[in-house]
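Here the structure is a predicted model, which means the values were calculated and not measured.
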Amino acid sequence: MSTDASHLRPWQVIIGGIFGLVLTIGLARFAYTPLLPALQLQTGLNDASAGALAAINYAGYMSGALAAAWIDDVRWRHRLYSMGLWLSLLTVAAMALSTWMPAWALWRYLGGLCGATGMLLGAGLVLGWLMRQGRRPELGVHFIGLGLGIVVSAVGVWGVSKIWALWSDQWLAMAAIGLVFFVPAWAWRPPVPPAPAVVSEAHSTNKVSRRWMLTMAGSYFAAGWGFVISATFTVAIVEREPALAGQGALAWALVGLAAMPAVFLWDKVARRWGDTRALLLAFGLQTVSVILPALSGTLAAALGGAIGYGATFIGIVSMTLALVGRRAPQNPGKAMARLTLSYGAAQVIAPVVAGAMAQATGSFKGALWLTAAVMATGMALLATLPNDAHTPTA
């Protein structure tokens, strides 16, 4: 057993990673979604500006992915992950300090950086630790943090809105809730791994053909497009349906509740059917979940779309990152980050396009149909994935 296990037990490292995702994704990123209706109502923020802020958040995420893709020193990767934990709390609290758009843009950008530290550096540290300890190299359990983060943001915003009506108070309250997760996430951070051997990493990198990587990047771009539209606008879409007013928090909570058990399901599906087939299934189901709210304005369609989205986006992320991470065992976070650049590019572009379409038409239906088309294109690319993508799961 590697000496980097330090004094921590496996359950502590895993729970610490889960709580790290709650902070860096659930709060630094996802709190924006349930807080958006109140923010727009009380400050006059329009759809185009809301989409722009979401895009700026993902510009930060992509900047973080770029950094993660090129940083080799594992000590710096660990330090940046640690920085992302406390910076997540700061960016949430700081949103309440003014209504100046440039300030909001800054905090959303930094929140995106935090998301990259949790999704890429944190996941890479956890996956690397699992492989060094001889455990199954999957990220299903770790990515419970995504679903839990959504639930925390949905239930938290619902609860604080009952106590504080002012939008700024709600942001501050969510930052306070984050402290509950910060303490164990900080104390149980994945131990600093040993420095990777350059030769081994080069050997691992050579396993991935250029065509395989480009095909995966194209399909992951589509996945990023599908992810960000629902992640940004789910609550707003529900609240704008006259018959569904007040049900936005419920829909967002269902996203998280569906995501939490889904991580185990998709790991099992990938083991039985193979990574590519499992990813195709997840893509197809997410496409259907995007179409449902566009077809009907009923509560059943809204909740069905939310559940379908929650149950599939996490599987796509978990299976894709684990797949590429297994191909670069010496530095999985770096390999994940390189692939994530395409995912991040979609997350920058899609909210701007969707926000502008909604602003022009007064409805999100056109953006949802466009998203379904992008997802279908991603499925087509995934179906052509070269055979060397089939990496056996240990």
Side-chain angles (χ1 to χ4, degrees), residues 25 29-30 33-34 36 54 140 143-144 146-151 153-154 219-241 243-244 247-266 269-270 273 277-320 343 346-347 350-351 353-354 357-358 363-383:
I25 298 291
R29 165 60 187 99
F30 284 146
T33 300
L36 182 58
F143 281 122
I144 287 176
L146 288 178
L148 180 59
I150 293 173
V151 172
S153 68
S219 97
Y220 208 37
F221 176 91
W225 191 292
F227 164 79
V228 72
I229 295 302
S230 296
T232 303
F233 297 113
T234 288
V235 176
I237 290 170
V238 172
E239 292 290 348
R240 289 194 186 182
E241 291 290 343
L244 304 182
Q247 304 298 321
L250 172 62
W252 188 238
L254 284 176
V255 170
L257 290 172
M260 291 174 67
V263 294
F264 299 104
L265 174 63
W266 287 114
V269 171
W273 290 6
R277 289 182 180 177
L279 280 168
L280 281 169
L281 177 61
F283 265 73
L285 292 176
Q286 185 170 333
T287 303
V288 172
S289 73
V290 168
I291 292 174
L292 281 176
L295 289 174
S296 171
T298 64
L299 180 61
L303 298 186
I307 293 171
Y309 164 66
T312 53
F313 89 86
I314 195 167
I316 292 171
V317 170
S318 176
M319 289 187 290
T320 301
Y343 197 82
Q347 292 171 336
V353 174
M357 290 176 71
S363 169
F364 284 99
K365 290 185 178 180
L368 292 175
W369 282 109
L370 175 61
T371 300
V374 173
M375 289 293 294
T377 303
M379 285 185 68
L381 284 171
L382 198 56

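- Between the CG atom in Leu368 and the CD1 atom in Ile291 there is a gap of 9.5 Å [rounded to 0.5 Å].
- Heavy atoms only, all atoms of each residue included: Thr287 and Met375 are closest at OG1-CB, 3.2 Å.
- Minimum interatomic distance between Ala222 and Gly378 (heavy atoms only, all atoms of both residues): CB-CA, 3.5 Å.
- Here the shortest heavy-atom pairing between Ala294 and Trp369 reads CB-NE1, 3.5 Å.
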Please table the atom pairs, donor to acceptor, closer than 3.5 Å between any side-chain atom in residues 256-265 and protein atoms at least two apart or in another chain.
none

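- Considering CD1 of Ile25 and CG of Leu148, their distance stands at 13.0 Å, rounded to 0.5 Å.
- Residues satisfying the side-chain contact (heavy atoms from CB on, under 4.5 Å) test with Thr377, not counting sequence neighbours, are none.
- When every heavy atom of Ala367 is checked against every heavy atom of Ala354, the shortest pair comes out as CB-CB, 3.8 Å.
- With hydrogens and angles ignored, the 3.5 Å screen pairs a side-chain donor or acceptor of Ser153 with a backbone N or O of Ile150.
- Here the straight-line distance linking atom CG of Leu279 with atom CD of Gln286 works out to 11.5 Å at 0.5 Å rounding.
- In this structure Thr371 satisfies the side-chain hydrogen bond (donor to acceptor under 3.5 Å, both in side chains) test together with Trp225, sequence neighbours excluded.
- In this structure, CZ on Phe313 lies 5.0 Å from CG on Leu146, to the nearest 0.5 angstrom.
- To the nearest 0.5 Å, the span separating CG on Leu382 from OG on Ser219 amounts to 4.5 Å.
- For the residue pair Lys365 and Pro293, the shortest heavy atom distance occurs at CE-O, 4.3 Å.
- Considering every non-hydrogen atom in both Ala223 and Ile316, the closest pair reads CB-CG2, 3.7 Å.
- The backbone N or O of Phe227 lies less than 3.5 Å from a partner atom in the side chain of Tyr309, making a donor-acceptor pair.
- When side chains are defined from C-beta on, Tyr220 counts as touching Val317, because their heavy atoms get closer than 4.5 Å.
- Side-chain contact between Trp266 and Leu281 is present, with heavy atoms from C-beta onward closer than 4.5 Å.
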